[in-house]
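Just below is one structure, and these are the notes that go with it.
Index from 1, following the sequence.
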Amino acid sequence: MTFASAAGTGRRAEARTEARTETRTAAPAGDTRPRTGPVPQAPGGRRGDRPRRLGPTASLALLASIIVSLLAASSAPTPLYAVYQQEWGFSPITTTVVFGVYALAVLGALLVFGRISDHIGRRPVLFAALAVQAAAMVVFAGAGGVPALLAGRIAQGVATGAALGAIGAGLLDVDRRRGGFLNSLAPTAGTASGALVSGLVVQYLPAPTRLVYYALLGVFALQAVGVLALRETVGRAPGALRSLVPEIGLPRAARTPVAVAAPVLFAVWALAGFYGSLGPALTRTLVDSTSVVWGGLPLLVLAGSAGLSVLTLRRTPTRTVLLTGVGALVAGVALTLVSLGSGGGGPAAATGFFAGSAIAGYGFGSGFQGAIRLVVPLAAPHERAGLLSLLYVVSYLGMGVPAVLGGVLVVHGGGLLDTAREYGGAVIALAALALAGLFLTRERAANLQ
């Protein structure tokens, strides 16, 4: 090959590269949807002048770690409720109100901020959410009463709700297959680790009501630094202010799958609300112990088993995963209620309770994973954050509303055990409705073929 022909070949290769770049980044006339994929760097300047960005694997790890830390922070107060109750003398209904306020704050943030990252980018939303979450940790660490606890939970819920849609969409932007898997695994890992670490800190380390929050504050600060090095995957697009108006919008292709997934999500997250609000008190009744480690153990078992289901069923067909989730949920909750019995406790009752929790947790993880896998692949890139936020809205409604009602019943109804039985029965009924929906949609699809 001569020098001239080599130069010509090089010019043609450059032209093809530029054409591909223009095709990938240019939008059709009138199209205001955000562009996905790495946002092009500003022209000019040498490669060494550009800020270094994280690669795909590091980006996935950072985004998943943020979900883990956010959900860990949300479950960290669970073992502390007994300490707060002893110090401040509030009733069980206050515990469930504090728990429910967080869920409602997440709901509000999902509705208002759920789609904003599709317009301004993932990084600004994540950075702001981490800053608010860090402020919430400061409030918790200095809390001297229930009002401060409520304020911290509200700030925490707003930050978590704003971040969840952006993180979930960002994971899918980077890698659709691995991102979908991490979207299912990270929430359960965060819930489990938060309950475990918080319980151990409270039991064995000094300043339990402050130390765990200072540790989380350091984690959020490090993650905020990591977000600065994260590559943006969505370009800016008009409509950011309009996206703040709550709107339930479903892509046409996802409407039937969402109708199938919503009852499953509501049921499995109602189970999480059961363990988060009533689990510590039930455990103390069964094992006759005041250790806060026992108080966080039910949520740890539930979330740990949920994470195991995500790992073991990741290659199983989606409908099978959903059916497994509903079946395990029913069986686990039934065993838990039988083990509670009359509330006498003892080794057999405690063993049955935790075995039922593990089975129900497997159902929780399967149901959540199946719902995510059924719906999310149907969303276009510019619809991902909004659709994921909608799924989390259903989830947190399932977690928050029954938990608050359960707290009211504990105080003004039949007490802890009767409330646990009624709550567990309601979860089983919700799971049965979800199962009926799965079979109905399967029959409808078969009739259309």
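- Considering all non-hydrogen atoms of both residues, Trp88 and Gly145 come closest at CZ2-N, 3.4 Å.
- Looking at Ser75, its side chain does come within 3.5 Å of a backbone N or O of Ala72 through a donor-acceptor pair.
- Within a 6.0 Å radius of CZ in Arg178, other residues, nucleotides and ligands contribute more than 12 heavy atoms.
- Exactly one residue among Val310, Leu313, Leu323 makes a side-chain contact (heavy atoms from CB on, under 4.5 Å) with Ser366. That residue is Leu313.
- Judged by distance alone, with hydrogens and angles left aside, the side-chain atoms of Thr160 form no donor-acceptor pair with the main-chain N or O of Gly157 at under 3.5 Å.
- To the nearest 0.5 Å, the span separating CG on Leu110 from CG on Leu390 amounts to 9.5 Å.
- Remark: side-chain polar atoms of Ser65 are paired, donor with acceptor, to backbone N or O of Leu62 under 3.5 angstrom.
- Counting only distance, with no hydrogens or angles, the side chain of Arg53 and the backbone of Leu228 share a donor-acceptor pair below 3.5 Å.
- At distances below 3.5 Å, at least one donor-acceptor pair connects side-chain atoms of Arg123 with backbone N or O atoms of Leu230.
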_From CA spacing to verdict: side chain to side chain donor-acceptor pair (under 3.5 Å), Thr312, Tyr362_ = CA-CA 10 Å; Thr312 56; Tyr362 200 86; 2.7 Å; yes
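- Judged purely by atom type and a 3.5 angstrom limit, Gln156 uses its side chain to pair as donor or acceptor with the backbone of Ala73.
- Of the possible polar contacts, none joining the Thr191 side chain to the Thr188 backbone as a donor-acceptor pair under 3.5 Å is found.
- Nearest approach of Tyr423 to Gly273, heavy atoms of both residues: OH-C, 3.5 Å.
- Using a distance-only test at 3.5 Å, with no hydrogens or angles considered, a donor-acceptor pair links the side chain of Arg176 to the main chain of Pro377.
- Between Ala163 and Leu126, the closest heavy-atom pair is O-CD2, 4.1 Å.
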